[in-house]
Amino acid sequence: MAVYNRNILGRFTGAANRLLAGAALWGALTYGVHAADPQPYVTSLAPTGQSDLDTALKASSDLLSLQSTRAVGPFALAGRVRSEYDRLQVALESCGYYAGKVHILLRNAKQGVTMDGMSTALASWIESVPANEKVDISIKVDKGPLFHLGSVKLVESATGVAPHLNDAQTKAFGLHTGQPAVAADVLAAGGRLLDALRESGHALAQVDKPMAYLRPATKTLDIVYPVVPGPVLDIGKISLDGLKRMNASFVRRRLTVHEGQLYQPSSIEAARLDLTSLGVFSNVTVRDASDQAVNGTMPLDFSFQEGKRHAIGAELGYSTDLGARVGAMWTHYNLLGNAERLRLTALITGLGGSAQQGLGYDVYADFFKPDFLESKQNLNARIEGLRQLFWSYRQTALLLRGGITRPLAKNWTGNFGLAAEQERIEQFDESRSYTILSAPLSGMYDNTGVGNPIEPATHGVRASINITPSLSLGSKGAGESFFAIMNATASTYMDLHKLGISPPGRSILAFRGTIGSIQGASTWDIPPDQRMYAGGSATVRGYRWQGVGPQYGNTKYAIGGTSLDAGTVEYRQRLFKSFGMAAFADAGQVGSSSMPFTGTLRVGAGGGVRYYTPIGPVRLDIAVPLNRAPRGDTWDLYIGLGETF
């Protein structure tokens, strides 16, 4: 006959986290003069030879955890010892050892007397210990045989028969006869089954705590799980609460779940996260709007808290080649009630850079509209005023850009648009004006799982390919030309944890490759700002921007080219909690033909430090050229937010 112990179930449930939080502390009690004096003690716990059991025992032991912080009097210490038996017995049972024994011995070295923790004279013995002497407490656990699961049953409360489960639900439950009777595994099975039932549309499913039947003779534990699957439901009426400036019609169009769709928590959560990603809500929650089915459906209630509509930010960066870049931005969220965003930015550039002749500016307004014409298709538009004073040329320009971004496939995003630029280029005391019309087209792939571009990637691949057909209409000696700028960049990240070298995310190897070509026109027929240049953090560190490639004689004036290739290997090591370091080597070249891998190859190397903040790592890199170009920099410093790639 099975032996059913009601205490087993209570212990079984409470041991899920391997801790007991509710034992009364005897330290609050006082008995007489001696009991008021704290009695110091030292506890030792003999290892059982099983690491997970040792961990559970240590986590459950009050004698260990409180010995240095909660010294108590003799009678309170005796109570702590007695409660220790129950605590450690629960830890044993939580790991499947139901016939284990706990032994606790107390000893005073000077007296040479040992006392059993279960002795009725324990408190008096502790009280007899001379003042200022510690009590040595040794704990030994005989774990006994490991119990296994016997019969495992699922029973519907109303009918008393086993519910019908599909393959996915049975697999999620996962318990079977013969596996170790570990409390955490048994309790987790109920949670997994509940999730699987709800994911199959059983919105009202219930899986109660299991009943446990101990069979000492066979060293098994029988488990009975009460289950109420409930009916399969679809999503019912969806209500939206808390919308103020946001248009409810936009939110409903944006919702990725709809009335009549099968009730699935994963789909509902995905819809919540998608609404959160709009950037206009400080909080989005969703809950079942009823505790019972409504005409075969489960209504949902989405609740919103709209975020602040305005934000002010700052931008700051520095490198020895491009100098300091300082500015501010102002953002207006939810401009027209459909999650639009307007951002105004003003920057001063070229503060003290070796590739710069003086101060410049970059002022622009960005407009972003999500779900333009159709869901998940976004409109981006920019108007920009720009002045850059490089050694190679001086540029003053007005730019207009507009484009559509939309998902193409899993991890793939496409962008296409139109751009117009009116600019004046000053070079060698000669000024030329250009009107440039272009139609950029690009595709991006990213499976790193990192949504924030500032957050470092630890695995996966990022890649992009860009083709920009352009028409240049020149004046004052600059003729008309048609050309296509093509470039591709890919980066990949390897976590050395996969090789068993380091903990996850601590040691990363990062690789980057870039290749580019301009087709349809020679170097001199292309406006200087449209040519290809290399150097700096985007290609080859240790060389200033435009410091890699053809130069005018032995000057620091870059000609630019019609092809480019560059590669980087970087090792990133996280140190302590907030610091890290990096070591890298870059190589690249710019050629005068449209075929990459021509020109003079330049190589740079260096290292840096990282300070990790909640918004991303602050980066400081120093690089040196290994085959410096004439009049090139001897070293370069780069400071910014986020990794280089």
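Both backbone and side-chain heavy atoms feed into the values below; hydrogens, waters and symmetry mates do not. Bear in mind the structure is a predicted one, so any value in this text is a computation, not a measurement.
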Check for a donor-acceptor pair, side chain of Gln427 on one end and backbone N or O of Ser392 on the other, with a separation under 3.5 Å.
-> yes
Anything under 30° is parallel, anything over 60° is perpendicular, the rest tilted; go ahead and classify Tyr557 against Trp391.
-> perpendicular
Taking the side chain as every heavy atom from C-beta outward, state whether Gln589 and Thr600 have any pair of such atoms under 4.5 Å apart.
-> no
Arg343 and Thr331: side-chain donor and acceptor closer than 3.5 Å?
-> yes
Should the pair Phe281 and Phe304 be assigned to parallel (<30°), tilted (30 to 60°) or perpendicular (>60°) ring geometry?
-> tilted
How about Arg387 and Thr396: does a side-chain donor come under 3.5 Å of a side-chain acceptor?
-> yes
Side-chain donor or acceptor of Asp362 paired with backbone N/O of Leu386 under 3.5 Å = no
Would you call Met246 and Arg254 a side-chain contact if the rule is heavy atoms closer than 4.5 Å?
-> no
Of all heavy-atom pairs linking Thr598 and Ser563, the shortest is OG1-OG, 3.6 Å
Counting distance only, does the side-chain N/O of Tyr318 pair as donor-acceptor with the main-chain N or O of Val326 below 3.5 Å?
-> no
How about Arg541 and Glu570: do any of their side-chain heavy atoms sit closer than 4.5 Å?
-> yes
Only one of Asp633, Asp321, Asp636 forms a salt bridge (charged side-chain N to carboxylate O under 4.0 Å, His left out) with Arg544, so which one is it?
-> Asp633
Nearest 0.5 Å, what's the CG-CG distance between Asp446 and Asn411?
-> 7.0 Å
Rounded to the nearest 0.5 Å, what separation is found between the CG atom of Leu373 and the CD1 atom of Ile404?
-> 6.5 Å
Could you grab the distance from atom CD1 of Ile639 to atom OG1 of Thr320, nearest 0.5 Å is fine?
-> 9.5 Å
Separation of Thr345 OG1 from Glu384 CD (nearest 0.5 Å) | 9.5 Å
Would you check if Leu399 and Arg382 make a side-chain contact, meaning some heavy-atom pair closer than 4.5 Å?
-> no
Arg424 with Glu426: basic N within carboxylate O range, under 4.0 Å | yes
Asp621 vs Arg610, salt bridge (charged side-chain N to carboxylate O under 4.0 Å, His left out): CA-CA, chis, key distance, verdict = CA-CA 9 Å; Asp621 289 334; Arg610 307 288 185 265; 2.7 Å; yes
Using the side chain to side chain contact (heavy atoms under 4.5 Å, CB included) rule, take His310 and Trp330 through it: C-alpha gap first, then chi angles, then the decisive distance, then the call.
-> CA-CA 7 Å; His310 303 122; Trp330 177 84; 3.5 Å; yes
Shortest non-hydrogen contact from Tyr543 toward Gly547 | CD2-O, 4.4 Å
CZ of Arg462 to OG1 of Thr489, rounded to nearest 0.5 Å, is 12.5 Å
Below 4.5 Å, heavy atoms only, C-beta onward: do Phe372 and Asn378 meet side chain to side chain?
-> no
Does any donor atom in the side chain of Tyr611 or Thr613 lie under 3.5 Å from an acceptor atom in the other side chain?
-> no
Could you tell me which non-hydrogen atom of Thr634 sits nearest to which non-hydrogen atom of Pro625, and how far apart they are?
-> O-CD, 3.2 Å
Is the side chain of Asn334 donor-acceptor paired with the backbone N or O of Ala339 at a distance under 3.5 Å, no angle test?
-> yes
May I ask you to decide whether Arg512 forms a salt bridge with Glu643, counting only side-chain N to carboxylate O separations under 4.0 Å?
-> no
Hey, can you tell me if Tyr393 and Phe390 have their rings parallel, tilted or perpendicular (30° and 60° cut-offs)?
-> perpendicular
Taking every non-hydrogen atom, the tightest pair across Val590 and Gly560 = CG1-C, 4.3 Å
Give a yes or no answer on whether the side chain of Ser375 reaches the backbone of Asp371 with a donor-acceptor pair at less than 3.5 Å.
-> no
Might you point out which heavy atoms bring Ile425 and Pro528 nearest each other, and give the distance in Å?
-> CG2-CG, 3.9 Å
Within a reach of under 6.0 Å around NZ of Lys58, are more than 12 heavy atoms found that belong to other residues, nucleotides or ligands?
-> no
Please check if atom CE in Met494 has more than 12 non-hydrogen atoms from other residues, nucleotides or ligands closer than 6.0 Å.
-> no
Of all heavy-atom pairs linking Ser442 and Asn466, the shortest is CB-OD1, 2.9 Å
For residues Gln530 and Thr468, determine if any side-chain heavy atom of one lies less than 4.5 Å from a side-chain heavy atom of the other.
-> no
Polar side-chain atom of Asp565 near backbone of Phe597 as donor-acceptor pair, under 3.5 Å = yes
Side-chain contact test, heavy atoms from C-beta onward, threshold under 4.5 Å: evaluate it for Gln573 versus Arg506 and give yes or no.
-> yes
Exercise: do Tyr445 and Asn447 side chains pair donor with acceptor under 3.5 Å | yes
Answer yes when Asp241 and Arg287 have at least one side-chain N-carboxylate O distance shorter than 4.0 Å, and no when they do not.
-> no
For the pair Asn627 (side chain) and Val603 (backbone), establish whether a donor and an acceptor sit closer than 3.5 Å, ignoring hydrogens and angles.
-> yes
Does the side chain of Leu347 come within less than 4.5 Å of Glu315's, by heavy atoms?
-> yes
Is the number of heavy atoms from other residues, nucleotides or ligands under 6.0 Å of Ile348 CD1 greater than 12?
-> no
Does Ser282 reach the main-chain N or O of Gln305 with its side chain, forming a donor-acceptor pair under 3.5 Å?
-> yes
Return yes if some donor-acceptor pair links the side-chain N/O of Gln264 with the main-chain N/O of Glu199 below 3.5 Å, else return no.
-> yes
Backbone N or O of Thr285 within a donor-acceptor pair of the Ser303 side chain at under 3.5 Å?
-> no
